[in-house]
Amino acid sequence: MTPVANRSKARGTRYESQVVRYVRLRLEDDRVERRALHGNRDMGDIFGLFVRGHEGIIECKNHAKWGPTDLRKWEIQTDDEMFNANADFAVLVVNVPHAPVGRSLCFLTAASYAKVSGFLTHAEDTRAHDHWVCVTLDELLDVMVGH
C-alpha cells in the first residue's frame, strides 16, 4: 500500500472509531462495534446497532471533498452491505470536516428511517427503499432514543 493509501486508511479507521464511541455513548449500548474487513462481501464498518427491535449497520465515509456522484455510489454500497449483513436497516455516515462527530451527515432510506424512528407506518412501500433522507448524527440518535 502506498503512503497516501495508508494515511487514508488510518483516517478512515480513526473516524470509524470516533463514530463507534459516540454512538455507544448516546445509545448507552456497548454492543456497537467496528467490524473487521470481509473482503468483497463487506457488511458495513459498524455493527451491533439495535433500535426498536431492528438490527442495523453503519457505513462510514471520511473524505475532505465529495459530491453527488460519490454520494450515490456510497448509497448503493451501503444498500449492498445491508443486504450482505442481513441487517434490517443501514446508515451512511459522512464526516463533516472540522465539525464535531455529532454533526456528521447521516443518509438513510426512508424505509430505514421508518424502522429506527417508529414515526412512519408504511415503510414497506417500495418507494421508501429508493428515497434517501439526510439528518445529522445527533438528530438521528435523538430519534433512536426517543427524544
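Throughout, numbering of the chain's residues begins at 1 and tracks the sequence.
No donor-acceptor distance shorter than 3.5 angstrom exists from the side chain of Asn62 to the backbone of Asn95, with no hydrogens or angles considered. For the pair Asp88 (side chain) and Glu55 (backbone), a donor-acceptor distance under 3.5 Å is present. In this structure a side-chain-to-backbone donor-acceptor pair under 3.5 Å is missing from Lys115 to His54. Under a 3.5 Å cut-off, the side chain of Arg31 and the backbone N or O of Gly48 do not form any donor-acceptor pair.
Here Arg41 contributes atom CZ and Glu81 contributes atom CD; the two are 11.0 Å apart, rounded to the nearest 0.5 Å. To the nearest 0.5 Å, atoms OG (Ser117) and CG (Asp142) are separated by 12.5 Å. Taken from CG in Leu49 to CG in Asp29, the straight-line distance is 8.0 Å, to the nearest 0.5 Å. Summarising the geometry, atom CD belonging to Glu75 is positioned 10.5 Å from atom CG belonging to Asp130; distances are rounded to the nearest 0.5 Å. In this structure, CZ on Phe89 lies 10.5 Å from OG1 on Thr109, to the nearest 0.5 angstrom. One finds the NZ atom of Lys61 at 5.0 Å from the NE2 atom of His63 (value rounded to the nearest 0.5 Å).
Proximity of Val19 to Arg34: side-chain heavy atoms (C-beta onward) are nowhere separated by under 4.5 Å. Counting heavy atoms from C-beta outward, Val91 and Leu137 have side chains that stay 4.5 Å or more apart. No side-chain heavy atom of Met43 sits less than 4.5 Å from a side-chain heavy atom of Asn86. The closest side-chain heavy-atom distance from Ile58 to Asp45 is not below 4.5 Å. Looking at heavy atoms from C-beta onward, Thr78 lies in side-chain contact with Trp132 at the 4.5 angstrom threshold. Counting only heavy atoms from C-beta outward, the side chains of Val101 and Arg21 never approach each other to under 4.5 Å. The shortest side-chain heavy-atom distance between Gln18 and Tyr22 does not fall under the 4.5 Å cut-off. Using a 4.5 Å cut-off on side-chain heavy atoms (C-beta onward), Arg35 and Ile57 make contact.
Under 3.5 Å, the side chains of Ser104 and Tyr15 contain a donor-acceptor pair of N or O atoms.
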Would Asp70 and Lys65 satisfy side chain to side chain contact (heavy atoms under 4.5 Å, CB included), going step by step from the backbone distance to the final call?
CA-CA 9 Å; Asp70 300 305; Lys65 295 180 183 180; over 6 Å; no
One pair to check against side chain to side chain contact (heavy atoms under 4.5 Å, CB included): Arg24 and Glu33. What are the steps and the verdict?
CA-CA 9 Å; Arg24 278 181 176 172; Glu33 297 182 27; 3.7 Å; yes
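Across all their heavy atoms, Ala87 and Gly56 have their closest contact at CB-CA, 4.2 Å. Nearest heavy-atom pair across Ala90 and Ser112 is N-OG, 3.3 Å.
No continuous path of ILVMFWY side-chain contacts below 4.5 Å connects Leu108 to Trp74, so the two sit in separate hydrophobic clusters. A single hydrophobic cluster is seen to contain both Ile46 and Val145, as judged by linkage of ILVMFWY side chains at heavy-atom distances under 4.5 Å, directly or through other members. Leu105 and Leu92 fall within the same hydrophobic cluster, defined by Ile, Leu, Val, Met, Phe, Trp and Tyr side-chain heavy atoms under 4.5 Å apart, directly or through other members. Val93 and Met82 sit in two unconnected hydrophobic clusters of ILVMFWY residues. Membership requires side-chain heavy atoms under 4.5 Å apart, directly or through other members. Cluster membership check: Val20 does not share its hydrophobic cluster with Leu25, using side-chain heavy-atom separations under 4.5 Å among Ile, Leu, Val, Met, Phe, Trp and Tyr.
For Arg103, the CZ atom is loosely surrounded, since the number of other residues' heavy atoms within 6.0 Å does not exceed 12.
Taking the six-membered ring where tryptophan is involved, the planes of Phe107 and Trp66 are perpendicular, since the angle between them exceeds 60° and thus also 30°.
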